[in-house]
Q: 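Here it is, the structure in full.
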Amino acid sequence: MAEVLYWISTFVLILTLLCMLGYQLILLVDLEFDYINPYDSTSRINQVVLPEFIILGIFCFTNLIAGHWFTFFLSLPCMYYNARLYFKREHLADVTEIYNKLKWEKNKRLFKVANLVIIFVFSILSLVWTLTEDVH
């Protein structure tokens, strides 16, 4: 039963991360089509960046402690990239440079979404596998 609770909690963490990244992508697309001004867009993006980093850190730590190495290694590249951005102080979007880096910011978040979707599919398959193992 503990394994099922673990997979459900990782399921919730991944969905939270996907929602945060989707929100950031929507803000960048709105900025691209000039529906929102750069100051509002960057301030809203910057409000969600640190919680995203923290939740991904919790997700990686949970997988490390639980011994789910494959999921841990799948999430490690994003965690490394986030840590590198944070320690170089490049994790926040800059109002003055947002138009110049718009394509890069979108691609960065799309890579994170693609990585999380792969982890999400693997988590769902593992949850189903765990549930069917408990039945037999």
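Index from 1, following the sequence. As a basis for the values below, the full set of heavy atoms in this structure was taken, side chains included, without hydrogen atoms, waters or symmetry mates. Keep in mind that this is a model prediction, so the values were computed, not measured.
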Q: Cut-off 3.5 Å, side chains only: do E105 and Q24 have a donor facing an acceptor?
A: no
Q: Kindly compute the distance separating CD1 (I119) from CG (L17), expressed to the nearest 0.5 Å.
A: 9.0 Å
Q: Where is the tightest heavy-atom contact between N115 and L74, given as atom of each residue plus distance?
A: OD1-O, 3.2 Å
Q: How about F53 and M79: do any of their side-chain heavy atoms sit closer than 4.5 Å?
A: no
Q: Could you pull out all residues at least two apart from F72 that satisfy ring pair (Phe, Tyr, Trp, His ring centres under 6.0 Å)?
A: none
Q: Run the numbers on V48 and L21 for side-chain contact (heavy atoms from CB on, under 4.5 Å), then give the verdict.
A: CA-CA 9 Å; V48 220; L21 288 168; over 6 Å; no
Q: Same cluster for I54 and L13 if Ile/Leu/Val/Met/Phe/Trp/Tyr side chains link at under 4.5 Å?
A: yes
Q: Is it the case that the ring center of Y81 lies less than 6.0 angstrom away from the ring center of F111?
A: no
Q: So, are E32 and K103 salt-bridged, with charged N and O less than 4.0 Å apart?
A: no
Q: Taking all non-hydrogen atoms of both residues into account, name the closest pair between W69 and L64 and its distance.
A: CZ3-CD1, 3.3 Å
Q: With heavy-atom distances below 4.5 Å as the criterion, would you say the side chains of H91 and L50 are in contact?
A: yes
Q: Hey, are the side chains of Y99 and L31 touching, using non-hydrogen atoms and a 4.5 Å cut-off?
A: yes
Q: Looking at SG of C78 and CG of L116, how far apart are the two atoms once the value is rounded to the nearest 0.5 Å?
A: 6.0 Å
Q: Roughly how far, to the nearest 0.5 Å, is the CG atom of L28 from the OH atom of Y23?
A: 11.0 Å
Q: How about N82 and K112: do any of their side-chain heavy atoms sit closer than 4.5 Å?
A: yes
Q: In Å, rounded to the nearest 0.5 Å, how long is the span from OG of S123 to CD1 of I118?
A: 11.5 Å
Q: Do V117 and L110 belong to the same hydrophobic cluster, where Ile, Leu, Val, Met, Phe, Trp and Tyr are linked whenever their side-chain heavy atoms lie under 4.5 Å apart, directly or via other members?
A: yes
Q: Grab the two heavy atoms, one from I45 and one from A93, that are nearest each other, plus how far apart they are.
A: CG2-CB, 4.4 Å
Q: Would you call R84 and E90 a salt bridge, using N to O less than 4.0 angstrom?
A: no
Q: Could you walk me through whether H68 and W7 pass the side-chain contact (heavy atoms from CB on, under 4.5 Å) check?
A: CA-CA 10 Å; H68 294 279; W7 285 115; 3.5 Å; yes
Q: Consider only side-chain heavy atoms of I, L, V, M, F, W and Y, link residues closer than 4.5 Å, and tell whether W104 and V49 are in one cluster.
A: no
Q: Roughly how far apart are L25 CG and L18 CG, rounded to 0.5 Å?
A: 10.5 Å
Q: Using a 4.5 Å cut-off on heavy atoms from C-beta on, say whether the side chain of T71 contacts that of F59.
A: yes
Q: So, taking the atom named OG1 in T42 and the one named CG in D94, what distance separates them when rounded to the nearest 0.5 Å?
A: 7.5 Å
Q: Is the closest side-chain heavy-atom distance between I55 and M20 below 4.5 Å?
A: yes
Q: According to a hydrophobic-cluster definition based on side-chain heavy atoms being under 4.5 Å apart (Ile, Leu, Val, Met, Phe, Trp, Tyr only), do V29 and I98 belong together?
A: no
Q: Check whether Y80 and L85 end up in the same hydrophobic cluster, where Ile, Leu, Val, Met, Phe, Trp and Tyr are linked by side-chain heavy atoms less than 4.5 Å apart.
A: no
Q: Quickly, which of F70, F11, W129 forms a ring-ring contact (aromatic ring centres under 6.0 Å, His included) with F122? Name it, please.
A: F70
